[in-house]
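Notes follow once the structure below has been shown.
Order of listing sets the numbers, starting from 1, for every ligand and every atom in it.
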Amino acid sequence: MKNIQSIRGMHDVLPTQTHKWQQLESVLRQLAMQYTYAEIRTPVLELTELFKRSIGDVTDIVEKEMYCFLDRNEDSLSLRPEGTASVVRSGIQHGLFYNQVQRLWYLGNMYRHERPQKGRYREFSQFGVEAYGIASADIEAEQLIMLDDLWQRLGLTGLKLQINSLGSSAEREIYKNDLVAYYQQHLNKLDADSKRRLTTNPLRILDSKNPRMHALNKNAPVILDFLGEKSQQHFKQLQSLLDAQQIEYQVNPHLVRGLDYYSATVFEWITDQLGAQGTVCAGGRYDGLLPQLGAKPQAAFGFAIGLNRIIALLDDADKFAPPQAIDVAVLAIEQRYLAAVFKVATVLRRAGLIVHTHCGGGSLRNQLRKVVKMNTKYCLICDQQTIEAQQTAQAVVNLKDIAANTQRQADVSQVIEIVKQTKG
Ligand code: HAM
């Protein structure tokens with residue numbers, strides 16, 4: 001019988017790799033906490049309708065990438081392809097947006113049925129941040145400063161920030177008409193995908209990856225020329241706040257996003273170190289989404305980072321610390337001293353040490369051989385003397401320094417001192 005494999009584009013994180021995820025996640029949690037964002041957790045399954053109404057019916061995600069199915073009640077459900085829609089749904093449901101500012105973050109797996117390749121998976125992890133109730137550019141600056149801070153904390157270099165403004169919906173409508181008129185003059189040069197988008201989602205043509213479209217897109221009208229006074233001021237204020245923090249950015253008037261809910265400021269952080277999948281973080285303003293989902297209008301701004309891509313960058317740059325080493329392995333010279341092994345191990349663990357107990361029997365020689373392979377600094381061997389002590393802290397063990405290949409007798413409280421000293 002053939003062994004069952006994981007689903008294409010969905011990957012296990014094996015035990016030799018999990019420490020990297022833990023290290024990254026702990027930096028992210030600390031960052032969010034220091035910027036006073038609170039964690040929100042939402043289900044991975046939602047009604048399909050939620051994503052259709054928020055991300056947009058004619059986006060790639062909703063048209064062809066969602067994992068949708070009918071459940072036993074014949075309800076159409078979808079695995080979440082992103083986190084923003086769920087956070088908004090949850091906030092409306094629980095009244096979080098009612099006359100309140102909210103700063104929220106989430107971390108979790110998202111699902112998109114895309115063609116898998118390096119950096120693009122069908123199950124991937126995002127760290128997302130969303131702020132509600134602040135319409136001004138300062139919240140945008142706060143989040144971009146937070147991201148710049150994050151790259152520094154992680155030691156990541158070479159990430160480039162691109163920003164753009166998609167204006168208000170009224171400004172975008174006028175721009176769209178101009179854009180469509182421009183492409184209609186060059187209909188014979190459009191590829192099939194762009195022709196389709198001309199009627200469904202013309203802004204997305206600008207984002208085409210087809211080299212044939214590049215020259216045409218380069219000369220297309222740009223949204224920035226269509227911004228009114230208010231939108232221009234807003235975008236300028238963001239830029240001056242970034243300038244004051246010496247955060248470098250490039251205004252890319254062709255930056256449009258693959259999700260329909262954006263307006264005004266949008267941005268992406270891009271690297272050239274990951275081939276075609278170079279966007280590591282993306283986001284923007286989406287004030288229109290709340291009313292679209294039936295709530296009162298409310299300002300909203302956020303982003304999501306693709307963690308699989310960040311892990312790849314950090315791995316390539318050798319930025320991860322090795323997994324935590326075991327401080328002590330506790331062994332029994334004979335099986336009858338096993339109870340002493342567990343007692344001693346418990347005292348050591350309560351003192352904060354990382355302690356491995358050998359299980360499964362075998363000769364002391366074999367046990368030692370296995371312990372050496374585990375990169376353990378010290379090994380304790382329990383024997384008759386260990387069980388003779390009145391209290392476990394006084395129990396005498398044989399303490400072996402594996403690297404130095406020396407052995408001495410010590411009681412458990414001395415062991416704690418010695419091991420803690422070498423831990424630093
Ligand atoms: P997005 O651009 O669809 O935006 O995704 C954000 C990031 O998730 C991407 O820049 C990329 O790093 C990562 N990502 C997306 N798809 C994949 C994939 N198939 N495999 C690996 N990584 C992937 C959003 O999801 C919005 N919700 C961001 C946002 C939050 N906007 C406002 N708030």
- Does a donor on one side chain and an acceptor on the other come within less than 3.5 Å for S194 and D191? yes
Donor-acceptor side-chain pairing of Y261 and T84 below 3.5 angstrom: yes
Output for ligand 1, non-hydrogen cut-off under 4.0 Å, lists E82, T84, R112, E114, G119, R120, Y121, F124, Q126, E130, R257, L259, Y261, Y262, T279, V280, C281, A282, G283, Y286, G302, F303, A304, G306, R309
So ring pair (Phe, Tyr, Trp, His ring centres under 6.0 Å) across residues 182-206, not counting sequence neighbours, yields Y182-H186
- Query: Taking the side chain as C-beta and beyond, is there a heavy-atom pair between E82 and I55 under 4.5 Å?
  - Reply: yes
The ring pair (Phe, Tyr, Trp, His ring centres under 6.0 Å) partners of Y37 (sequence neighbours excluded) come to none
Validation: residues 339-348 side-chain donor-acceptor distances under 3.5 Å, sequence neighbours left out:
unit_1, atom_1, unit_2, atom_2, d
T346, OG1, F342, O, 2.8

